[in-house]
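Working notes, beginning with the structure itself.
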Amino acid sequence: KIFLEKMPRQIHRLEELLRSSNFDWKELSAVRSGAAAPLNNFLNQHYTHLKPILLDFMDDLCKIRLWIVCLIPRVEDGDNKGVEIQHEVIDVCNEGLSSLDSLYRYYFRYNIERAKILGKKEKYGESSKANIETAVIEYDEATYVYIAKSIRLLYMNYFELHELIKKNLDKIKKPKVDTNELSMY
């Protein structure tokens, strides 16, 4: 069900997200506008919108990975040709989970670091206000670019996983070739 219905919907969902101006990493003016505020509302809105998608993708990848692991035959069974594709799918799932985990944790660290930078404005006063505001703007922009890049990588990973499963579904479900079917004599 995830493969046939949900993955194509999720891929389409990411395509729409990437086509929207919300994640165009060349357009940074909206990110700059929230730099002086304790919370950059532009980034916060985008991450709030993105967070359920990330959690949903994590769940999907874990389920797909578990499904594949359950299909891998025992090593003692002998002929394990075809199992390579199952391991490749698991590797793509692991790569996706790692990317999702990094993005999920990154925003948390971003908020902590941003608060530290803004806290220095209070500590050092007016003399360093311009430098600190510039640092916050640069940090916000870097975070926005990181999030936009991560969405593109997530899209590519999810698309690659879908194509890999689609093209190799028979091999994934039955990795071992029955030797009786191969013998013609």
Side-chain angles (χ1 to χ4, degrees), residues 1-71 85-115 136-173:
K1 187 175 178 173
I2 290 174
F3 170 71
L4 293 175
E5 296 172 16
K6 194 170 183 186
M7 284 182 87
R9 274 197 322 263
Q10 296 287 49
I11 289 169
H12 181 69
R13 187 178 182 187
L14 281 173
E15 284 173 344
E16 286 179 350
L17 196 61
L18 290 171
R19 273 193 226 119
S20 74
S21 61
N22 294 337
F23 288 100
D24 182 3
W25 56 28
K26 296 172 205 130
E27 182 53 54
L28 297 171
S29 60
V31 177
R32 289 184 189 115
S33 66
L39 175 69
N40 187 317
N41 287 328
F42 180 78
L43 281 174
N44 193 50
Q45 268 183 320
H46 283 71
Y47 188 75
T48 302
H49 176 72
L50 189 60
K51 190 175 178 180
I53 297 171
L54 298 178
L55 295 172
D56 201 24
F57 281 3
M58 280 184 194
D59 186 50
D60 290 349
L61 290 175
C62 286
K63 287 176 183 175
I64 292 168
R65 188 181 183 290
L66 180 62
W67 173 62
I68 300 295
V69 166
C70 290
L71 291 174
I85 192 67
Q86 290 175 325
H87 287 291
E88 191 174 338
V89 171
I90 290 171
D91 289 345
V92 173
C93 285
N94 288 340
E95 184 181 310
L97 286 167
S98 177
S99 297
L100 286 165
D101 187 53
S102 295
L103 180 56
Y104 192 75
R105 291 174 190 261
Y106 180 85
Y107 196 71
F108 172 73
R109 289 189 307 271
Y110 156 77
N111 284 315
I112 291 171
E113 289 302 315
R114 191 174 194 278
V136 169
I137 290 169
E138 292 294 324
Y139 195 53
D140 286 352
E141 287 177 359
T143 297
Y144 179 73
V145 169
Y146 178 80
I147 290 171
K149 180 186 79 166
S150 296
I151 292 169
R152 284 167 175 74
L153 292 173
L154 176 62
Y155 168 76
M156 290 186 305
N157 179 271
Y158 215 68
F159 187 83
E160 176 188 0
L161 180 63
H162 185 261
E163 288 297 306
L164 187 62
I165 292 172
K166 183 171 75 174
K167 291 175 182 172
N168 298 289
L169 192 56
D170 292 337
K171 291 178 189 174
I172 291 169
K173 287 182 177 179

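We use all heavy atoms of the structure for the numbers below, so side chains are in, but hydrogens, waters and symmetry mates are not. Along the sequence shown, residues are numbered consecutively beginning with 1.
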All heavy atoms of Leu164 vs all of Ile85, minimum pair found to be CD1-CD1, 3.6 Å

Taking CZ in Phe159 as the centre, count heavy atoms belonging to other residues, nucleotides or ligands within less than 6.0 Å. Is the count above 12? no

Quick check: do Cys93 and Trp67 have side-chain heavy atoms less than 4.5 Å from each other? no

Can you confirm whether Tyr155 is buried at OH, in the sense that more than 12 heavy atoms of other residues, nucleotides or ligands lie under 6.0 Å from that atom? yes

Is there a side-chain contact (heavy atoms from CB on, under 4.5 Å) between Ile165 and Ile64? Walk through the geometry before answering. CA-CA 10 Å; Ile165 292 172; Ile64 292 168; 3.9 Å; yes

Report the C-alpha separation of Met58 and Tyr104 in whole Å, then their side-chain angles, then the decisive distance to 0.1 Å, and conclude whether the side-chain contact (heavy atoms from CB on, under 4.5 Å) test is met. CA-CA 10 Å; Met58 280 184 194; Tyr104 192 75; 3.8 Å; yes

Compare every heavy atom of Ile11 with every heavy atom of His162, then report the nearest pair and how far apart it is. CB-CD1, 3.7 Å

Nearest 0.5 Å please: distance from the CD1 atom of Ile172 over to the CG atom of Leu71. 8.5 Å

Output for pair (Leu100 CG, Glu95 CD), nearest 0.5 Å, gives 11.0 Å

For Thr143 and Tyr106, which I'm curious about, is there any donor-acceptor pair between the side chains at under 3.5 Å? yes

Would you check if the side chain of Ser98 reaches a backbone N or O of Asn94 as a donor-acceptor pair within less than 3.5 Å? no

What heavy-atom pair brings Gly96 and Leu61 nearest, and what distance separates the two atoms? C-CD1, 3.7 Å

Roughly how far, to the nearest 0.5 Å, is the CD atom of Glu88 from the CD1 atom of Ile68? 11.0 Å

If you take all heavy atoms of Val31 and Asn40, which pair is closest and at what distance? O-ND2, 2.9 Å

With no hydrogens and no angle check, just 3.5 Å: does a side-chain donor-acceptor pair link Gln45 and His49? no

So does Glu113 pair up with Arg109, basic N to acidic O under 4.0 Å? no

Is His46 close to Ile147 at the side-chain level, that is, under 4.5 Å between some pair of heavy atoms? no

Steps toward side-chain contact (heavy atoms from CB on, under 4.5 Å) verdict (Leu161, Met7): CA-CA 9 Å; Leu161 180 63; Met7 284 182 87; 3.8 Å; yes

If you measure from the Lys or Arg side-chain nitrogens to the Asp or Glu carboxylate oxygens, is any gap between Arg13 and Glu16 under 4.0 Å? no

So, do Leu14 and Phe57 sit near enough that their side-chain heavy atoms are less than 4.5 Å apart? yes

So, does Arg65 use its side chain to make a donor-acceptor pair with the main chain of Val92 at under 3.5 Å? no

Roughly how far, to the nearest 0.5 Å, is the CG atom of Leu43 from the CG atom of Leu50? 11.5 Å

Between the side chains of Asp60 and Tyr158, is a donor N or O closer than 3.5 angstrom to an acceptor N or O? yes

So how far is it from Leu154 CG to Leu103 CG, rounded to the nearest 0.5 Å? 8.0 Å

If you apply the rule ring pair (Phe, Tyr, Trp, His ring centres under 6.0 Å), what do you find for Tyr110 with Tyr47, and how did you get there? CA-CA 11 Å; Tyr110 156 77; Tyr47 188 75; 9.0 Å; no

With heavy-atom distances below 4.5 Å as the criterion, would you say the side chains of Arg152 and Lys149 are in contact? no

Quick check against the 3.5 Å criterion: does Asn168 have a side-chain atom that pairs as donor or acceptor with the backbone of Lys171? no

Walk me through it: do Asn111 and Tyr107 pass the test side-chain contact (heavy atoms from CB on, under 4.5 Å)? CA-CA 6 Å; Asn111 284 315; Tyr107 196 71; 3.2 Å; yes

